[in-house]
K.L.:
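My structure is below; once you've seen it, I'll send some questions.
The sequence lines fix the lettering, A, B, ..., with proteins before strands; numbering per chain opens at 1. Only heavy atoms go into these numbers, but all of them, side chains included; no hydrogens, no water, no symmetry mates.
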2 protein chains.
Amino acid sequence: MSIDVGARLRSVRTTFGLSQRELARRAGVTNGLISLIEQNRVSPSVSSLKKVLDGVPMSLAEFFTLDLSAPPQAFFGADELLELGSAEVSLRLVAAQRPARQLTVLHERYAAGAATGEEMLPPRGEEAGVVIRGRIELTVGGATRVLGPGEAYYFASQLPHRFRNVGRETCEIISACTPATF
Amino acid sequence: MSIDVGARLRSVRTTFGLSQRELARRAGVTNGLISLIEQNRVSPSVSSLKKVLDGVPMSLAEFFTLDLSAPPQAFFGADELLELGSAEVSLRLVAAQRPARQLTVLHERYAAGAATGEEMLPPRGEEAGVVIRGRIELTVGGATRVLGPGEAYYFASQLPHRFRNVGRETCEIISACTPATF
DNA sequence: ATGATGTGTTTAATATTTTGAACAAATGGC
DNA sequence: GCCATTTGTTCAAAATATTAAACACATCAT
């Protein structure tokens with residue numbers, strides 16, 4: 001068998017709630033290739049696999065480190081959250097090992113001044129979160145508001161939205177979205 | 001640039017004191033391929049890279065996790081040693097990040113009953129070690145002896161040699177060989 | 001039902017990797 | 001000196017990965 005790149009990729013892709021075509025578009029490859037890789041009908045070149053994972057995004061190291069056979073787990077230490085984002089915007093995904101979940105929960109950290117782009121997420125979900133440290137400016141649809149510790153948000157994913165840390169310290173948020181459409 | 005698989009592989013290979021041909025032989029690929037990969041003239045398929053790393057041996061996860069730009073480091077915590085062996089025979093390599101070293105130092109652990117095969121190592125080095133826990137049976141050339149804590153060994157690598165844990169508890173050894181021919 | 005979109009899969013053509021064998025340069029022994 | 005090895009590199013041929021477009025199957029709205 002020898003490592004089953006296909007199952008890994010399928011698990012990652014479904015965990016992030018992406019179709020083969022959507023992942024292919026983000027990665028700049030064809031949907032057919034994703035299909036072939038997931039079926040283990042080809043062994044992708046490292047450069048191709050890198051391109052595909054950039055569409056998630058996920059590093060090669062993370063990809064090969066992922067524990068697919070991890071048993072259902074109820075508790076996760078801080079070290080057990082999958083680190084996803086950049087240095088500016090850190091996203092720690094809870095229970096990343098488990099594919100096809102209904103719910104995604106993140107521990108997000110925004111460095112001072114950091115912001116997300118205009119998010120384009122799947123059309124049928126909702127997102128909510130609570131700020132636990134720092135202050136974040138959140139724009140949803142036409143409305144903008146600055147949230148501090150203890151304050152929260154909740155909106156439908158299809159609305160354009162953007163997060164921006166306008167303060168001086170790192171901002172931390174615990175967030176969730178549904179379905180698993182991160 | 002995007003991850004520089006070539007530099008990684010070259011670093012790993014030289015760290016282990018292998019020529020392109022020797023690594024190719026162990027991995028079941030051609031030496032030309034190793035050369036091309038190391039020059040980044042091709043982006044190997046994951047299956048090929050896996051085959052190559054099996055010849056070291058090293059996992060894909062380790063390979064992509066390796067920190068090439070690690071600054072020269074003088075102290076290494078137990079967690080910082082590169083785990084190489086199997087569950088039976090664990091080899092923890094000190095300072096694995098640093099290529100082209102003169103000396104290799106290992107923290108070895110042999111489970112009860114575990115043994116190495118007949119070692120076939122490069123012809124121009126020496127090996128030495130001290131047992132720190134448990135008991136190990138060491139055969140060098142025609143001679144066999146059981147070593148316990150505080151006892152040590154020292155021999156030329158080209159002699160056929162074999163380690164076997166004949167006791168009930170795990171045996172631990174700190175060993176070194178030169179040149180970096182592990 | 002029907003058409004329109006979404007999904008994952010398959011196929012032939014194309015592009016890339018991989019091989020096998022050659023090459024030039026360096027090393028060691030005599 | 002010279003020969004025999006060993007090193008890493010290169011090249012055309014063979015094998016494999018990747019693309020682009022079609023396919024079959026679902027879902028959803030009309």
Side-chain angles (χ1 to χ4, degrees), chain A residues 2-56 60 63 99-100 120-125 157-158 179-181, chain B residues 2-55 60 99-100 102 120-125 156-158 179-181:
Chain A
S2 135
I3 214 179
D4 205 348
V5 169
R8 261 167 210 273
L9 180 55
R10 178 154 301 192
S11 168
V12 168
R13 178 176 64 80
T14 56
T15 293
F16 285 73
L18 300 173
S19 69
Q20 290 181 346
R21 281 185 162 83
E22 175 59 18
L23 176 55
R25 190 190 63 73
R26 299 192 188 193
V29 300
T30 57
N31 60 303
L33 177 57
I34 308 254
S35 177
L36 295 173
I37 293 173
E38 289 188 352
Q39 299 171 81
N40 284 321
R41 308 243 315 238
V42 297
S43 176
S45 71
V46 170
S47 55
S48 296
L49 182 58
K50 171 107 180 16
K51 276 202 287 187
V52 170
L53 293 179
D54 282 345
V56 174
L60 288 162
F63 180 77
M120 289 288 296
L121 290 178
R124 244 189 315 284
S157 298
Q158 61 265 41
T181 51
Chain B
S2 136
I3 215 180
D4 205 348
V5 170
R8 261 165 211 273
L9 180 55
R10 180 154 299 192
S11 169
V12 167
R13 178 177 62 81
T14 55
T15 295
F16 285 73
L18 301 173
S19 69
Q20 291 181 344
R21 280 185 163 81
E22 174 59 18
L23 176 55
R25 189 190 63 73
R26 299 193 188 191
V29 299
T30 57
N31 60 303
L33 176 57
I34 308 249
S35 176
L36 294 173
I37 293 173
E38 289 188 351
Q39 298 170 80
N40 285 319
R41 308 242 316 238
V42 297
S43 177
S45 71
V46 170
S47 55
S48 296
L49 182 58
K50 171 109 180 17
K51 277 202 287 187
V52 170
L53 293 179
D54 282 345
L60 287 163
Q102 301 275 29
M120 289 289 294
L121 290 178
R124 246 189 314 284
S157 298
Q158 60 265 40
T181 51

K.L.:
Give me the bend of the helix from C:dA1-D:dT30 to C:dC30-D:dG1, using the axes of the five pairs at each end, rounded to 10°.
P.N.:
30°
K.L.:
Separation of B:Lys50 atom NZ from C:dT18 atom C1', in whole Å?
P.N.:
18 Å
K.L.:
Can you list everything that forms a salt bridge (charged side-chain N to carboxylate O under 4.0 Å, His left out) with B:Arg25? Sequence neighbours excluded, please.
P.N.:
B:Glu22
K.L.:
Atom CD of A:Glu38 to atom C1' of C:dT7: distance rounded to whole Å?
P.N.:
12 Å
K.L.:
Could you give the CD1-to-P distance, from B:Ile34 to C:dG20, as a whole number of Å?
P.N.:
14 Å
K.L.:
Mind checking what makes side chain to side chain donor-acceptor pair (under 3.5 Å) contact with A:Ser45, not counting sequence neighbours?
P.N.:
A:Ser47, A:Ser48
K.L.:
With sequence neighbours left out, what residues match A:Glu38 under side chain to side chain donor-acceptor pair (under 3.5 Å)?
P.N.:
A:Arg10, A:Arg13, A:Gln20
K.L.:
When you check the gap from the basic side-chain N to the acidic O, do B:Lys50 and B:Asp54 get nearer than 4.0 Å?
P.N.:
yes
K.L.:
Check every strand shown and say whether A:Ser35 touches a base, only sugar-phosphate, or nothing at a heavy-atom separation below 4.0 Å.
P.N.:
base
K.L.:
So, is A:Gln39 close to the C:dT10 phosphate, meaning a side-chain N or O under 4.0 Å from OP1 or OP2?
P.N.:
yes
K.L.:
Rounding to an integer number of Å, can you tell me how far B:Gln20 CD sits from C:dA21 C1'?
P.N.:
16 Å
K.L.:
Phosphate oxygens OP1/OP2 of D:dG8: is one of them under 4.0 Å from a side-chain N or O of B:Arg10?
P.N.:
no
K.L.:
Could you run down nucleotides 16-22 of chain D 5' to 3' and tag each one B, S or - for protein heavy-atom contact under 4.0 Å?
P.N.:
-SBBS-B
K.L.:
For the atom pair CG (A:Leu23) and CG (A:Asn31), what is the distance rounded to the nearest 0.5 Å?
P.N.:
10.5 Å
K.L.:
Whole angstrom is fine here: how far is it from CG in A:Leu23 over to P in C:dT9?
P.N.:
13 Å
K.L.:
Given atom CG of A:Asn40 and atom C1' of C:dT10, what is their separation to the nearest angstrom?
P.N.:
16 Å
